[in-house]
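Since the structure comes first, as C-alpha cells, the remarks are kept for the end.
This one's a predicted model, so the numbers in the text were calculated from it and none came from an experiment. Counting convention: from 1, in listed order, for ligands and their atoms alike.
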Amino acid sequence: MKPKLRIFDDLEKISIHAANLFSRQAVRSARRFLVALNGGGTPTRLFQLLATDLHEKVEWAKVHIFWGDERCVPPEDAGSSYGQARELLLSKIPIPESNIHCIRGELPPVEAAREYSHILQEYASHPLDWPRFDLVYLGMGEDGHTASLFPGSPVHIMEAVLPVTAHYQDRPANRVTLTQLVFNSAHMVVFMAAGEKKASTLAEVLSDRYNPELYPAQRIDPKDGELIWLVDKDAAGNLPKKITRKYCEG
Ligand code: 6PG
C-alpha cells in the first residue's frame, strides 16, 4: 500500500497526532489491542501524552504492549526502551502487568530473542507465528536504520525475532529486534521522524531508489496494512516536491 506522509511543524504536533491515532485505533478495536512501541528519543512525548491527555480515553485493560526492539541492558539502564516506557507511560496507566510483554534486555541477545519469540507465538495470528499488531510505532536513525535493523544487515530473513550485535554511533550494541516479517503483517505502522539531521536519509528512504540493505527503513512495507510517516518540517526539508505530492494526502 502507498505510504501516507503527514508533515507537522514540530515533534510536539507529531506526538499529538501519534497519540490520537493510538486512542482512535484502540477505541475501534473490539477485542484486545496489540501495540509495539519503539525506543529512542522521538517517542518520549508520545508516551507522556498517552499517560496524561489520552489516559482516560483508552481502555487500558484491553491494550497489550510489546516492543519492536530492545537494547540488551537491564530495565534500570537509561538505554532500556522498556525502562523508558515504564517510567513515562506504563507506571502511570491502569494496565494489567500481564499485558506488558517486554524483551528481557538483562539477558544475552540470543536468549532474550528466543524468549521473546515464544511470547510472540502465544499471541500469534494464525497462520503466522507472531501476532498481527494493530499498531506499530517505529523511529528512523540518521543512517536509515529502524528498530534494530541496521544498514548492511541481511534483508532476506525468515525469522520474526533476531538477536543483533551492531555498531551504532561507534559503540557496540547488543540488541534484539523484530524483523520486517512482523512489521509488514501489522494493520498499521507509524514512523515518527523529526529534525534536519534526518532530512537527507528521509529523502532517500521515500525515493524511488530502493536500497533496503543500506536503508533498512525501506524494508517496512505492510502488505495489508497502513504505513504512515509522521515527520516534522525539518526532517521533510530535503523531500522533493514530487515525493510530497505523491505521498501527502489532501
Ligand atoms: C531505539 C530504536 C531505534 C530508534 C532510532 C531513532 O533506539 O530504541 O531501536 O530504531 O527508533 O534510532 O532514534 P531517535 O528517536 O532517538 O532518533
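Looking at Thr52, its side chain does come within 3.5 Å of a backbone N or O of Gln48 through a donor-acceptor pair. Checked by atom type and distance alone, the side chain of Thr179 pairs as donor or acceptor with a backbone atom of Glu159 at under 3.5 Å. Side chain of Asp234 to main chain of Gly237: no donor-acceptor pair is present (N/O by atom type, distance under 3.5 Å, no hydrogens or angles). Arg71 contributes a side-chain N or O that, together with a main-chain N or O of Gly79, makes up a donor-acceptor pair within less than 3.5 Å.
By the ring-ring contact (aromatic ring centres under 6.0 Å, His included) test, Phe191 is found to be paired with Trp229, residues two or more places apart in sequence or in another chain being considered.
Note: Trp60 and Phe22 have tilted aromatic rings, judged against thresholds of 30 and 60 degrees for the angle between ring planes. The aromatic rings of Phe8 and His17 lie tilted to each other, with the angle between the two planes from 30° to 60°.
The N/O atoms of Gly41, backbone and side chain alike, include one that comes under 3.5 Å of an N/O atom in ligand 1. Taking distance alone, with nitrogen or oxygen atoms compared against 3.5 Å, Arg71 approaches ligand 1 more closely than that limit.
Glu142 does not count as a contact of ligand 1, since none of its heavy atoms falls under 4.0 Å from the ligand. Ligand 1 does not have Met192 within reach: every non-hydrogen atom of the residue lies 4.0 Å or more from it. For the pair Arg175 and ligand 1, a heavy-atom separation below 4.0 Å is found.
Each of the atoms 2 (C), 3 (C), 9 (O), 10 (O) of ligand 1 lies under 4.0 Å from some heavy atom of Ala147. In summary, the atoms of ligand 1 found under 4.0 Å from a heavy atom of Thr42, numbered by their order in the structure, are 14 (P), 15 (O), 17 (O). Interface atoms of ligand 1 facing Gly139, defined by a heavy-atom separation under 4.0 Å, are 11 (O). Listed by number with element, the atoms of ligand 1 under 4.0 Å from a non-hydrogen atom of Lys198 are 6 (C), 14 (P), 17 (O). The His145 neighbourhood of ligand 1 comprises atoms 3 (C), 5 (C), 10 (O), 12 (O), with distances under 4.0 Å to a heavy atom of that residue. Heavy-atom proximity to Ser81, at under 4.0 Å, picks out these atoms of ligand 1: 8 (O).
The proximity of Thr146 to ligand 1, defined as any non-hydrogen pair under 4.0 Å, is limited to the backbone. Contact annotation: for Asp69 versus ligand 1, heavy atoms closer than 4.0 Å belong to the side chain alone.
Side-chain contact check for Arg175 and Ser148: at least one donor-acceptor pair (N or O, by modelled atom type) lies under 3.5 Å.
In this structure, the side chains of Asp221 and Lys223 come closer than 4.5 Å at one or more pairs of heavy atoms.
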